[in-house]
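Only one structure is covered here, and it is reproduced in the block below.
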2 protein chains.
Amino acid sequence: MAAQEQYEELARQLSVVAAVRRDLGRLLPHDCSPASAVLLAQLQQYGEIRMSKLAELLAVDMSVTSRHVAYAAERGWLDRQADPADKRSRLLRITPAGEALLREVSARYTQALATFLKDWPDDDIGRLIDLLARLRESFGDCRARPSHQTHHEEAPQASAAV
Amino acid sequence: MAAQEQYEELARQLSVVAAVRRDLGRLLPHDCSPASAVLLAQLQQYGEIRMSKLAELLAVDMSVTSRHVAYAAERGWLDRQADPADKRSRLLRITPAGEALLREVSARYTQALATFLKDWPDDDIGRLIDLLARLRESFGDCRARPSHQTHHEEAPQASAAV
DNA sequence: TATTGTTATACTCTATAACTATA
DNA sequence: TATAGTTATAGAGTATAACAATA
């Protein structure tokens, strides 16, 4: 159990770090919102998934996911196919155009991070990634499942971009 | 210099961790937005500062800061006094009512984090806080000052809440 | 009757630009 | 002329609730 000051400081840091996200968002191509970039990255990482699964991965309401998916589909970045096993569902998959966009986004993000974090040791970047992933997991578990049960996600398909 | 995959993964984690921020935001009292909470926390930490300084600390445009400050001032959570040294400026300071609100917010955040992160070692929480602070600093320096010059903030006045 | 996904509506946060008042 | 701050406007993101189609 950590001290109260640690929890307070963590909450404050999480708020202010949102600025870093905004900065990265400004690097994106004109018609590609941060939401589109994250959405496509998840699709590339997890392969063919349903709307509800994508909403869970993004940790936003399905209504929000639905709008962002529609936007990306209009631009040809992903496909929506009816699920033969359940006609209420639609299976989402990234298209080659979506993958090309993701490569561009990844290149821009990488260049920016390489510039800003040029003084960072690799180990620190790895540690930060690991801790953020665990933070999200600790919260996600509590949100979805009030129980103590451990929760294993399916393994990603590809090593994925941004 | 880290590998491209690391930068991509970091960008993705930063996006998805936004969900944790939203979760924390939902814990706040009805009339206290996340923006108010962060703003008051910064005021408590840095003492009496100007609008422009607060905007820099929050890493948002001054127009945004101005609106959030006006909201908090209407509710008596902070004071705005004309700066005798420069009549264009206004000096901001948190009020006792603001500090009381911050204590309440801090209690809720702490309780939630203590629950969700109950399995985390203290050291990991400390490491995450440190890395997030450095991340923000690396970006903030690049945003404000394109040079290599190191940048020393004034020391905070109090150990502060949330 | 419950679930998957869509759409309408409203609210929050943000940036840009035009404005004021001081410097 | 430049700077500190305010306000108006517009755009992106999100949640809630009502709805359609299917299980």
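So you know, we letter chains A, B, ... as the sequences are listed, proteins then strands, and number each from 1.
A distance of 5.0 Å separates CG of Leu54(A) from CG of Leu39(A), quoted to the nearest 0.5 Å. Between the CG atom in Leu14(A) and the CZ atom in Arg136(B) there is a gap of 13.0 Å [rounded to 0.5 Å].
One can place OH of Tyr71(A) at 13 Å from C1' of dG13(D), the figure rounded to the nearest angstrom. For the pair Asp83(B) CG and dG5(D) C1', the computed distance is 13 Å after rounding to whole Å. Atom CG of Leu91(A) is separated from atom C1' of dT4(C) by 12 Å (rounded to the nearest Å). Rounded to an integer number of Å, the gap from CZ of Arg50(A) to C1' of dT6(C) is 15 Å. Atom CE in Met51(A) sits roughly 12 Å away from atom C1' in dT7(C) (whole-Å rounding). Put simply, NZ on Lys87(B) is 16 Å from C1' on dT20(C), counting in whole angstrom units. When rounded to the nearest whole Å, the span between CZ of Arg88(B) and P of dT1(D) equals 16 Å. Distance Leu92(B) CG to dG5(D) C1': 11 Å, rounded to the nearest Å.
Contact between the side-chain N/O atoms of Arg90(B) and the OP1/OP2 oxygens of dT6(D) is found at a separation under 4.0 Å. Regarding contacts with the backbone of dG5(D), a side-chain N or O of Ser89(B) is found under 4.0 angstrom from either OP1 or OP2. Side-chain nitrogen and oxygen atoms of Ser52(B) include at least one within less than 4.0 Å of the OP1 or OP2 phosphate oxygen of dG5(D).
For the pair Arg75(A) and Tyr71(A), the cation-pi criterion (under 6.0 Å, within 45° of the ring axis) is fulfilled.
Under the 4.5 Å side-chain criterion, counting only non-hydrogen atoms from C-beta, Gln42(A) is in contact with Leu58(A).
Listed nucleotides: dT6(C), dG5(D), dA23(D). Nearest to the side chain of Ser66(A): dT6(C).
When heavy atoms are screened at a 4.0 angstrom cut-off, Asp86(B) is found touching the sugar-phosphate backbone but no base atom.
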Close N/O contacts between protein and nucleotides 10-15 of chain C (under 3.5 Å):
| residue | atom | partner | partner atom | Å |
| --- | --- | --- | --- | --- |
| dC13(C) | OP1 | Ala35(B) | N | 3.3 |
| dT14(C) | OP1 | Arg22(A) | NH1 | 3.4 |
| dT14(C) | O4 | Arg67(B) | NH1 | 3.3 |
| dA15(C) | OP2 | Asp61(B) | N | 2.9 |

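Between the side chains of Ser66(A) and Ser63(A), no donor-acceptor pair is found at a separation under 3.5 Å. Remark: the Trp77(A) side chain and the Thr95(A) side chain contain no N/O donor-acceptor pair separated by less than 3.5 Å.
Screening Lys53(B), Arg50(B), Gln81(B) for a side-chain hydrogen bond (donor to acceptor under 3.5 Å, both in side chains) with Ser89(B), the sole residue that qualifies is Arg50(B).
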